[in-house]
Amino acid sequence: MVAVSIVVPVYNEEECIEPLCSRLHESLSGLDRSYEIILVDDGSTDGTWDLLKTCAEKYPHYRLIRFRRNFGQTAAMSAGFHHARGDIVVTLDADLQNDPDDIPKLLEKLNENYDVVSGWRRDRKDPFINRRLPSIIANGLISWITGVKLHDYGCTLKAYRRDILQDVHLYGEMHRFIPALVSWVGGRVGEVEVRHQARQFGQSKYGISRTFRVILDLITVKFLLRYSMGPMQMFGKIGSVFAVPGLIIFAVMLSGHFSFLLFGTVFASELVKRPIWVMSAVMLVFLGMQFISMGLLAEIQIRTYHEAQSKRTYVVREILESGSGF
Ligand code: UDP
Ligand code: MG
């Protein structure tokens with residue numbers, strides 16, 4: 001039985017592998033629990049894989065996974081979670097920006113009945129303009145929108161209970177949102193300060209464009225958290241914002257017509273005369289109907305999603321039966 005699985009996504013990090021493995025060995029040999037180290041090579045095109053194999057021969061407790069091509073950090077972490085055997089999973093970066101000596105601190109915090117403990121790089125050693133500033137804004141936004149307040153969503157150094165990860169599915173670049181997703185399935189999320197170092201070897205795999213992708217992902221996460229069980233609620237609301245004013249303009253125009261036919265008086269003549277109002281009314285109603293039908297389609301989709309795979313619309317923590325000796 002393994003207690004802790006350490007998962008490390010690795011992509012073109014040949015200069016980091018040897019220092020990483022020896023640092024991990026140093027820190028973890030002092031750990032009072034059994035552990036395994038899962039290194040996921042995310043389709044590296046340099047000498048990373050051969051160096052990983054050398055490490056796995058030199059040090060104990062290694063498992064190596066190699067992707068056929070580069071699938072991204074989230075996929076690499078996901079593969080690590082999938083193959084992990086420990087009850088607790090700890091993730092960290094391969095570039096040694098995270099300090100493996102912080103792992104016991106995370107485990108201790110996790111013991112205080114948390115399901116995820118996230119590292120907070122309070123004294124972060126990255127450039128201010130293109131890293132720390134976008135990160136401060138992104139963390140503020142993510143905390144506000146998801147309602148799970150963390151200082152540092154982007155820190156890979158995190159500890160998770162593996163059973164809660166089974167209820168969390170990762171797509172795209174969603175790994176940074178795991179705390180929010182875990183909280184959504186009823187998990188408790190905590191935070192501890194961790195150390196951080198500047199990258200000593202190799203280069204970062206990301207540029208400033210990541211900030212925009214994170215914001216787009218945030219929209220997806222918010223939608224999933226809030227509306228995935230009833231998408232019509234959202235599409236219907238947006239649709240009504242368009243359709244209702246459109247219908248009101250129509251109604252006013254029609255009443256203008258009828259008042260002319262019945263009483264010979266021209267009521268609301270301005271509206272009828274100006275094509276802009278006619279066009280706006282048609283466009284607004286049309287847009288509104290579009291949103292409402294998208295909502296209906298999404299409602300059918302979630303039913304197909306759940307029923308075709310017998311997926312539940314809830315997450316059970318545990319089931320007890322009388323007489324089973326609890
Ligand atoms: N990584 C990966 N696949 C990718 C990009 C990155 O597995 O497509 C790994 C990378 O090797 C590192 C971690 O993800 O271990 C974080 O990447 P990086 O250090 O470049 O990000 P930063 O620290 O600059 O945010
Ligand atoms: Mg890094």
Side-chain angles (χ1 to χ4, degrees), residues 1-9 20 23-40 59-63 77-78 80-94 96-124 139 142-143 146-170 174-197 315-320 324-326:
M1 265 296 281
V2 180
V4 184
S5 300
I6 314 287
V7 169
V8 189
L20 170 74
R23 281 288 285 116
L24 280 175
H25 183 67
E26 256 170 54
S27 306
L28 296 171
S29 41
L31 198 71
D32 54 355
R33 314 183 195 196
S34 57
Y35 68 91
E36 63 176 357
I37 300 171
I38 303 180
L39 289 162
V40 186
Y59 301 105
H61 314 302
Y62 270 84
R63 289 170 75 201
M77 289 169 65
S78 215
F81 295 154
H82 190 74
H83 287 87
R85 290 181 289 204
D87 294 334
I88 294 170
V89 181
V90 175
T91 50
L92 79 164
D93 279 349
L96 282 174
Q97 289 198 268
N98 301 132
D99 189 340
D101 281 344
D102 282 324
I103 293 175
K105 205 170 162 186
L106 291 178
L107 298 181
E108 224 170 84
K109 184 81 180 173
L110 201 68
N111 252 348
E112 294 171 20
N113 212 7
Y114 285 103
D115 294 293
V116 174
V117 172
S118 180
W120 171 17
R121 298 165 291 179
R122 189 166 201 171
D123 184 16
R124 189 170 165 184
N139 284 312
I142 301 174
S143 297
T146 62
V148 181
K149 306 230 174 324
L150 288 182
H151 292 94
D152 193 2
Y153 269 89
C155 180
T156 311
L157 185 55
K158 292 189 172 81
Y160 317 81
R161 283 188 197 284
R162 189 159 60 90
D163 60 347
I164 201 107
L165 287 175
Q166 275 155 8
D167 294 317
V168 172
H169 305 281
L170 299 178
M174 293 285 176
H175 64 269
R176 71 184 55 244
F177 295 105
I178 299 178
L181 299 169
V182 161
S183 161
W184 186 53
V185 294
R188 289 190 65 208
V189 179
E191 189 173 48
V192 286
E193 280 181 36
V194 294
R195 279 163 282 195
H196 191 243
Q197 274 120 42
V315 187
V316 174
R317 187 189 296 274
E318 56 188 327
I319 297 175
L320 296 176
S324 58
F326 48 82

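Throughout, numbering of the chain's residues begins at 1 and tracks the sequence.
- Judged purely by atom type and a 3.5 angstrom limit, Arg162 has no side-chain atom pairing as donor or acceptor with the backbone of Ile88.
- Residues satisfying the salt bridge (charged side-chain N to carboxylate O under 4.0 Å, His left out) test with Glu36, not counting sequence neighbours, are Arg63, Arg85.
- Residues meeting the salt bridge (charged side-chain N to carboxylate O under 4.0 Å, His left out) test with Lys105, sequence neighbours left out: none.
- Every residue was checked against the ring-ring contact (aromatic ring centres under 6.0 Å, His included) condition with Tyr114, not counting sequence neighbours, and none meets it.
- For Tyr153, the ring-ring contact (aromatic ring centres under 6.0 Å, His included) criterion is met by no residue, not counting sequence neighbours.
- Tyr62 meets the ring-ring contact (aromatic ring centres under 6.0 Å, His included) test with no other residue; sequence neighbours excluded.
- Residues passing the ring-ring contact (aromatic ring centres under 6.0 Å, His included) test with Trp120 are His151, sequence neighbours excluded.
- Here the OH atom belonging to Tyr35 is positioned 5.5 Å from the OG atom belonging to Ser29, to the nearest 0.5 angstrom.
- In terms of the side-chain contact (heavy atoms from CB on, under 4.5 Å) criterion, residue partners of Ser34 (sequence neighbours excluded) are, by chain and number, Ala3.
- Taking the side chain to side chain donor-acceptor pair (under 3.5 Å) definition, one finds that Asn113 meets it with nothing, sequence neighbours left out.
- Remark: Arg188 pairs with no residue by the side chain to side chain donor-acceptor pair (under 3.5 Å) rule, at least two apart or across chains.
- Judged as a side chain to side chain donor-acceptor pair (under 3.5 Å), and not counting sequence neighbours, Asp115 has no contacts.
- Distance alone, capped at 3.5 Å, places no donor-acceptor pair between the Thr91 side chain and the Leu157 backbone.
- Annotation: side chain to side chain donor-acceptor pair (under 3.5 Å) contacts of Arg33 (sequence neighbours excluded): none.
- Taking the side-chain contact (heavy atoms from CB on, under 4.5 Å) definition, one finds that Val185 meets it with Ile164, Asp167, Val168, Val315, sequence neighbours left out.
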